[in-house]
Amino acid sequence: MNLVVFFLVVVGLSPAAEALDNGLALKPTMGWLHWERFMCNTDCDHDPDNCISERLYMQMADVMVKEGWKEAGYEYVCIDDCWPSLQRDTQGRLQADPNRFPGGIKKLADYVHSKGLKLGIYADVGKTTCAGYPGSQGSYEVDAQTFADWDVDLLKFDGCFMDWKLLGEGYINMSKALNKTGKSILYSCEWPLYEWPFHQPNYTAIRETCNHWRNFDDVFDSWNSIKSILDWTALHQDIIVPSAGPGGWNDPDMLVIGNFGLSHDQEESQMALWAIMAAPLLMSNDLRNICPRSKALLLNKHIIEISQDSLGKQGSRTAKTNSFEVWERPLSKGRLAVAVLNKQEIGGPRGFPISGIPGWKICDPQCTVTQILPEYKEMGVQTKQSNIVLSVNPSGTALVTITPIAGDLRRLHKLLWEKLSVRRIYTESL
Ligand code: GLA
């Protein structure tokens, strides 16, 4: 580890709390999850291509391998609600609906694994799932063991139909039950989402328990929904951003790119901002039938690189001015990713002077700038005085990365030492 990286890790740039120690989700999870696009469609007689059945996941897995999704990093094929039978089996175990999953989940997991992918499943901490299927309350150990026996790799654990005062205990007990199986199962929670209406969740405990956690409402296929998620995140960033880091992430819900409700500019905004937020990239769309532009966006390697950056810091909103929002995420090697979102939904493209980015100070004395959205452009060496203007479409986003030019390591060291002494003074005053 070089000195700078050592300082970045030790000197307070790492998350405040310990992550769930299962070695998983060291980078934000990437994959596909059925809910937003396919919901609780169980009508396989009339709609065999879109109903929740083993076929759907097998077909998605096939496409993910054949069409470059897996290669780009999308790894988990995830089942959401409505997969089980309405009754547990005679031994009290969950079982898949026999008509829609004739092979059972173990066979499906084997199939998905044979493609080099991983399988996710869904359950609920309470009495029933949100759609009314059997919940896990009172059966955490049995259910964890069942998922392990089936060789499942991820559990999305919902929070419907549960006394909110028991949520924490339930999520923690399921986390322990999963660990006890000895199999590595990524644990995706909705604990804080269900607790927020009552009080501020304990993010230290959540980070120790889960690999990612939903904080806010379900995403819909609309720009209003995306905006509401961004607004909520910005409003609560001081509370939630420090808890994100390797092993545990805030989850603003699925990517809906490739569906019906977003314009291409809005799709670019979702992709850019989800990367800035270090969010899990779980697509909910029909990969068998997706327009080439949406596909290229989801596969954009520069954006995925930001999402998966090894520093593992979540970004936040750093400025709001003239109907623009600036969001910044610190990246490894002292770099910065910046998204400039144009929130004015009238008129045409508007210009945003790049020197208006709060983090532009890393361009003193010099930096290089690469624009990733709306199109890839190397903008070369810039200085503090540069007067580039980014053009941003209504409800679209300009995404750039900024790399400071070495030579000013002295300033970086000074900055780190300042941070170190602030921390020391803080610790000593405790
Ligand atoms: C909740 C969750 C969604 C989805 C549905 C399934 O609303 O937040 O993501 O899992 O339940 O019923």
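Being a predicted model, the structure only gives us computed values, none of them experimental. Counting starts at 1 for both ligands and their atoms, following the listed order. For reference, positions follow the sequence shown, starting with 1.
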Shortest protein heavy-atom distance from atom 11 (O) of ligand 1, along with the residue and atom involved: Asp158 OD2, 2.8 Å
Hey, is ligand 1 close enough to Arg214 that some N/O pair sits below 3.5 Å? yes
Just which atoms of ligand 1 are under 4.0 Å from any heavy atom in Asp80? 4 (C), 6 (C), 10 (O)
Would you say that more than 12 heavy atoms from the other residues, nucleotides or ligands in this model lie under 6.0 Å from the CD of Glu71, or not? no
Any donor-acceptor N or O pair under 3.5 Å, side chains Trp83, Asp97: no
Heavy atom of the protein closest to atom 8 (O) of ligand 1 (residue, atom name, distance): Asp218 OD1, 2.6 Å
Are there more than 12 heavy atoms of other residues, nucleotides or ligands under 6.0 Å from atom CG of Asp21? no
Can you find an N/O atom of Glu190 closer than 3.5 Å to an N/O atom of ligand 1? yes
Tell me which protein heavy atom sits closest to atom 5 (C) of ligand 1, plus the residue, atom name and distance to 0.1 Å. Trp35 CE2, 3.6 Å
Taking 4.0 angstrom as the limit and counting only heavy atoms of Asp81, give me the atoms of ligand 1 inside it, by number and element. 6 (C), 12 (O)
Contact atoms of ligand 1, heavy-atom distance to Cys130 under 4.0 Å: 1 (C), 11 (O), 12 (O)
Can a side-chain donor-acceptor contact be found between Asp158 and Tyr122 if the only test is distance below 3.5 angstrom? yes
Sequence neighbours excluded - disulfide bond (SG atoms under 2.5 Å apart) pairs with any residue from residues 174-239: Cys189-Cys210
Among Lys180, Arg93, Arg88, exactly one meets salt bridge (Lys or Arg N to Asp or Glu O under 4.0 Å) together with Asp143. Which residue is that? Arg88
Is there any side chain to side chain donor-acceptor pair (under 3.5 Å) pair reaching into residues 59-69, and which pairs are they, with sequence neighbours excluded? Gln59-Arg288, Asp62-Tyr111, Asp62-Lys115, Glu67-Lys295
In the protein, which heavy atom is nearest to atom 9 (O) of ligand 1, and how far is it? Lys156 NZ, 2.7 Å
